[in-house]
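The chain is numbered in sequence order, starting from 1.
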Amino acid sequence: METLPVSAASVLERMNAMRISAEQSLSQVQAYLASNPQPLAKVVAGYRALLADSGRRIVQAQVKVIQARANNPTDPTLAALERRTVELLTMWTAHAQGYSAYERPATEAEKTGAIQVGVAPVVIIAIVIGAAVIAVSLTGIAWAVVHYKEAQTLSDEIAIIERDPSLADAIAKINATSPSSPDPTKPPGSPDSGGWVWFLAALGIAGAAIYIVPKLGKG
């Protein structure tokens, strides 16, 4: 058996469709930005947070599915779950890679016009995440607005896999017969803090998954 790779072509095709959708809404977003930027700032910040959380969780879920299938490669339910994690990782990679193209470090001038969103100040053209200030282009804002609902649906679908009884049972059996070891999906020092660190880490893993197909056995 081998893991199913994320298709670079599928990611690119989805990204192009998402870009077109975002560009079609540019005029509306620009008009709203001029009159009421605060809600748009919240949407962008929320979208980034969703991507960070979803990236962490889908990578964790896929690792668990792969582990379970390695121990039971003929289980049709686990095989279906693996295919679904690849589909979700493809969707997430398109969201993350597509959106990240519209960010860059903010200039000093951009940092001065911060709009406060929650505990972190956010400028509609520059989002403050911790100590970093990241500028977002108008297309990036439109991207977040247009694709926010899909990102939320993606998160909900990941939750379904996380709660799947067949996966939980398979992982429980693995844990019962294996010695205790660190969780391979949690890099040291970053499991519960810095959601955007998870976004970047998961984006790197997703990128690697497009080109690397690790062998787990015969199948």
Side-chain angles (χ1 to χ4, degrees), residues 6 11 14-15 18-19 21-22 25 29 32-33 36-64 85 87-106 110-111 113-163 183 185-207 209:
V6 173
V11 170
R14 184 177 288 269
M15 281 173 52
M18 294 173 76
R19 175 184 54 78
S21 295
S25 70
V29 170
Y32 199 82
L33 179 62
N36 194 6
Q38 182 78 21
L40 291 180
K42 291 181 178 179
V43 170
V44 174
Y47 180 75
R48 294 174 97 257
L50 265 177
L51 292 188
D53 180 64
S54 296
R56 169 183 61 82
R57 289 165 53 219
I58 189 55
V59 169
Q60 288 178 336
Q62 189 176 54
V63 167
K64 289 179 179 178
T85 62
E87 291 170 357
L88 294 177
L89 186 56
T90 300
M91 292 169 61
W92 180 86
T93 304
H95 274 268
Q97 289 188 352
Y99 169 78
S100 65
Y102 302 110
E103 288 195 350
R104 59 172 173 74
E110 288 168 336
K111 295 177 185 179
I115 300 170
Q116 190 72 28
V117 176
V119 296
V122 176
V123 190
I124 203 54
I125 298 299
I127 297 178
V128 179
I129 303 296
V133 184
I134 302 168
V136 184
S137 71
L138 181 63
T139 304
I141 298 167
W143 180 288
V145 171
V146 170
H147 301 305
Y148 185 95
K149 184 176 180 180
E150 185 181 63
Q152 182 62 66
T153 300
L154 173 61
S155 177
D156 294 342
E157 292 191 38
I158 295 169
I160 293 173
I161 291 179
E162 291 169 332
R163 295 192 301 265
D183 187 338
T185 68
K186 293 184 178 180
S190 66
D192 298 314
S193 62
W196 192 241
V197 173
W198 255 116
F199 172 85
L200 295 175
L203 183 56
I205 294 171

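Remark: of the listed residues Gln97, Met91, His95, Met91 is the sole one forming a side chain to side chain contact (heavy atoms under 4.5 Å, CB included) with Arg14.
A donor-acceptor pair under 3.5 Å is absent between the side-chain atoms of Trp143 and the main chain of Arg19, judged by distance alone. Distance alone, capped at 3.5 Å, places no donor-acceptor pair between the Ser155 side chain and the Ala151 backbone.
Between Met18 and Ala94 the shortest heavy-atom distance is SD-CB, 4.0 Å. The minimum heavy-atom distance between Ile141 and Val29, with the atom names listed, is CG2-CG1, 3.9 Å. Between Leu40 and Tyr32, the shortest heavy-atom distance links the atoms CG-CD2, 3.7 Å. Nearest heavy-atom pair, Tyr102 versus Gly140, reported as atom, atom and distance to 0.1 Å: CB-CA, 3.5 Å.
Applying the side chain to side chain contact (heavy atoms under 4.5 Å, CB included) rule to Val43 yields the partners Val145, Tyr148; only residues at least two apart in sequence or on another chain are considered. Scored by the side chain to side chain contact (heavy atoms under 4.5 Å, CB included) test, Glu162 finds Arg57, Ile158, Ala159 as partners (sequence neighbours excluded).
Counting only heavy atoms from C-beta outward, the side chains of Val44 and Tyr99 approach each other to under 4.5 Å.
Atom CG of Leu51 and atom CD1 of Ile58 lie 13.0 Å apart (nearest 0.5 Å).
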